[in-house]
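Report on one structure; see the data block that follows.
All chains are named by letter (A, B, ...) in the order of the sequence lines, taking the proteins before the strands, and each is independently numbered beginning at 1.
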Amino acid sequence: MDKTYQPAAIERRVYQRWEESGFFAATGDGPAYCIMIPPPNVTGTLHMGHAFQHTLMDALTRYHRMLGCRALWQPGTDHAGIATQMVVERQLDAEGKRRQDIGRDAFVERVWQWKSQSGDTICRQMRRLGDSVDWSRDRFTMDPELSHAVTEVFVRLHEEGLIYRGKRLVNWDPVLHTALSDLEVLSEPEQGSLWHLRYPLADADGHLVVATTRPETMLGDTAVAVHPQDGRYTALIGRRIRLPLTNRLIPIIADEHVDPAFGSGCVKITPGHDFNDYEIGRRHDLALINVFDRNAHITRGEATGEMDVGIPAELVGLDRFAARARVIERLQADGLVEKIEPHTLPVPRGDRSGAVLEPWLTDQWYVRVAPLAAPAIEAVEDGRIRFVPDNWARTYFQWMRNIQDWCISRQLWWGHRIPAWYDDDGNAYVGRSETEVRARHGLDAGVRLSQDEDVLDTWFSSALWPFSTLGWPRATPELGFFYPTSVLVTGFDIIFFWVARMIMMGLKFAGDVPFREVYITGLIRDENGEKMSKSKGNILDPLDLIDGVDLQTLVAKRTSGLMQPHLRPRIEKATRKQFPQGIPEFGTDALRFTFAALASTGRDIRFDLSRTEGYRNFCNKLWNATRFVLMNVEGHALAAGGDAATSLPDRWIRSRLGRAVATVKEQLAAYRFDLAARALYEFTWNEYCDWYLELTKPVLQEGGAAPAEQALTRRALIDVLEALLRALHPLMPFITEELWQRVRPLSGATGPTVMLQPYPCVDEYPADDAAEAEMAWLQAFVLGLRQIRGEMDIAPARPLPVLLQDASAEDRRRVAAHAHLLRQLARTESIDVLDPGTEPPVAATALLGAMRILVPMAGLIDVAGERERLGKALARAQADRQRIEGKLGNRQFTDNAPPAVVAGEREKLANTRREIAQLEEQIARLDRLG
RNA sequence: AGGCGCGUAGCUCAGCGGUUAGAGCACUUGCUUGACAUGCAAGGGGUCGGUGGUUCGAUUCCACUCGCGCCUACCA
């Protein structure tokens, strides 16, 4: 074996073997355990957030597989309508073409090509992460089977009246030319202006002042509103305004929505281009004027009802921002601009294009969500679905209880085409196919039908993922067995987009909740707590942490393809500063262990590379511990597996292993990966390596112990290691597999892979309190002497003569029983028990219960140093005594505190007092000498 | 406006109504110890954001407050 762990040498080989051997398939007759992967965008790449979530999902899957479950981690990818279409459009753009130039069929064909070309990236990355997904069940949201499910759901919802088509204001992206759902709108405050415009009264001199942030929309105004109780304007209600530029007459109306305290208290009402105004327009039966085309350029105007909109010809065709400038110019020329104030306002932008969105009147398909939401709310209320941590349920409720209808049609080409057909009169027919539509509605071949050009929101198909991947609407065995799935692992950012919708659709169509639990992970942030993003140039590629990356490559990755190229020097500088040497190779297991160790619930994660380095070292520790065990076991007699451990260390380490495994199980059940990881780390390093391996050395070395005892210790060494590898496997799959393969022949374990071994069972390593107590004594003995050595600057190699004062019969028994261990671990030259009444020599002191461990000082240490050391200990003990005495002297405490606590304090006080007496005596002795 | 979360060692984070508040990294000192210098041993370092309350006892529970972050809805 190499002296250090080399992850690159083994990871690929190990994964390939797992995959080729079919170890990932869900088999066996155990209970179901199933996790649905949140399908990543098929043409994307996995980022740190994915790597984090995949680590947790894989750990859960491997753990439950080892517990005997028939475990399925369902893989797959999402077609990601807008995102993918944009990528391909950009490719076309580089060729100087637009998608309209090549036509819909050719374009879609190109997207499929791009998908097949880049779709492997994610699979490759997942293999490097060790993801134990069942590749044979890989799914894509646009697979025929899944598309079939989409159509089926659409048709059934439509039949129930839960999908409808309607002309309404939607969030329109004038760059992508599609409608968006409310969730795809990002509103950020931006610096703008508040224009105060004078609207002349129609039938008298004078004007009203309206304040607006969107002056160009005045072309579509159909009213001015004031608050009904606003005394300044009550007399004007019902009179009319002559709308500048258009010369139209519009009414002054009263509406509660108006805030008299804002601006002048008068609001221009543009029902065609503002969501609030749309509502007001409905309340007052106002006409609605659309003044924009699909590019948000000014049109001649299109009104509901007969009307001359009156948009000046010179404005027609202008972009909305150019139009804004021109409108203001014109109004200023007419003296109709009272003032312009700087104003910060929320500007809605598309989450993909970044374009300023326009409320625009179009025909779209909607899901009537309220009837679906009610049972979905109930499922969380009554605990059929549990959020972890549970405070996310509040977020879920808050949104679900105010849920709006869901606009599901998108004016894109890449996606599931809406299963609706139109005749020449514009009548819409919904059905599973054109044939079905014709049959059902009695439309013979003479009637021309054309399918709806639009596609569905990507999240519509994602919402079906938990059952569409399992074969729904067919009643497949998998659907029956794995649905509802066990847990969903995802980020809070898609609770509304995805989680809520899966719950609604699952309850509606699969007859039950889609998952029992939702584990919401935190976000992976950079070392400054910033969100990782390409545009900030602070992304880390998980594979770069696994394989390492040189500085040049890292800088190039972070600065290429930037939306804002001017940030490049800053990003480069920051990167060079943070990673002057690039990033070394840490291996997958170290990265995975880092994610697990940082995964405390309800909190974002500042990714800390030094933790990864620490866990790389942990891998190396495990590697070398195995090396030690193999060296000491191979070629030697080994006790049979069933033989009882007899030595103290053997009993102790088994007991401690059992406790560690118990902790891991408990913490994994609570999704506390951090605490599970810590329990394993501490057991491995602080107990198995630091103590147990050291304790086996005196036993195993030549002439150390009787052969029979050695054989037992070798048994314990290999058994505990083998179990430890199994216990660590879900978090660190690669190294544990590699080491387990080497350990297996010696341990007597059988089977082709550690990943299909049973997880260690607590019952096999029952707690041994007696052994733990005795080991605690032994450890205290060793630590006491090490402390004297360390603080007194005694060379580690120098053997120390040790005297024991006030040793009880039990102390004496223990010393005799473990003298060989103490000699090795504490480097004692001799251990002698002083007879009662014997005056001890001047010595450095350590206390172990009532016993004093003395290291005679002649020639060893300076008296002043030891005096100071004891003085510090004494001061500490005296402070303790005072605190405890104060506590026990308080009647309130002794009367009210639980008896066990009081008794504990009394015992503590007794120990402290004894310790003080011992220390004072030692100090006095040193003083006599000095 | 409503909701959620965070503030503990230099850094990243655990923890908890009751020992002396812990870990990793960083730091100091000493060690080429027959598994491992990606290591071993010893050590320094914290008024647990502030104020008040509940309690025999608060870093932990409650209220207020300061600072930071996020989500939802938004007044034109």
So A/Arg913 and A/Glu885, salt bridge (charged side-chain N to carboxylate O under 4.0 Å, His left out) or not? Walk me through it.
-> CA-CA 10 Å; A/Arg913 282 179 170 157; A/Glu885 278 174 351; 2.8 Å; yes
Please state whether the phosphate of B/G18, meaning OP1 or OP2, lies under 4.0 angstrom from any side-chain nitrogen or oxygen of A/Lys908.
-> no
Does the cation-pi check pass for A/Arg678 over A/Tyr681, that is, NZ or CZ under 6.0 Å from the six-membered ring centre and within 45° of its axis?
-> no
Using the P atom as the reference point in each nucleotide, state the distance between B/U12 and B/G52 in Å, no decimals.
-> 29 Å
Contact class for A/Glu791 (heavy atom, under 4.0 Å): base, sugar-phosphate, or nothing?
-> sugar-phosphate
How far, in whole Å, is B/G18 from B/U59 if one measures between their P atoms?
-> 11 Å
Look at A/His343 and B/A76 and indicate whether a side-chain polar atom (N or O) is within less than 4.0 Å of OP1 or OP2.
-> yes
Pair assignment for B/U72, Watson-Crick or G-U wobble, requiring both distances under 3.5 Å | B/A1
Please tell me which of A/Val267 and A/Glu915 maps to the more 5' nucleotide of RNA chain B, matching each residue to the nucleotide holding its nearest heavy atom.
-> A/Glu915
Remember a base hit wins even if backbone is also touched, and classify A/Arg603 as base, sugar-phosphate or nothing at under 4.0 Å, heavy atoms.
-> sugar-phosphate
Shortest side-chain distance from A/Leu345, nucleotide among B/G18, B/A76, B/U12 = B/A76
Assign A/Lys621 to base, sugar-phosphate, or nothing according to its heavy-atom contacts below 4.0 angstrom with the strands shown.
-> base
Rounded distance in Å - CZ (A/Arg798) to P (B/C31) = 15 Å
Which base sits across from B/G34 as a Watson-Crick or G-U pair, both distances under 3.5 Å?
-> none
To the nearest Å, how far apart are A/Leu197 CG and B/A76 C1'?
-> 11 Å
Of the nucleotides B/G3, B/U38, B/A42, which has the atom closest to the A/Arg786 side chain?
-> B/A42
A/Lys908 with A/Glu915: basic N within carboxylate O range, under 4.0 Å | no
Which nucleotide in the list B/G22, B/U72, B/C56 gets nearest to the side chain of A/Phe496?
-> B/U72
Can we say A/Arg606 and A/Glu530 salt-bridge, meaning some charged N sits less than 4.0 Å from an Asp/Glu carboxylate O?
-> no
Heavy-atom donor-acceptor pair, A/Arg606 side-chain to B/U12 base, under 3.5 Å = no
Which of B/C40, B/U12, B/G43 is nearest the side chain of A/Asp690? It is B/C40
A/Pro346, nearest nucleotide to its side chain (from B/A76, B/A14, B/G39) | B/A76
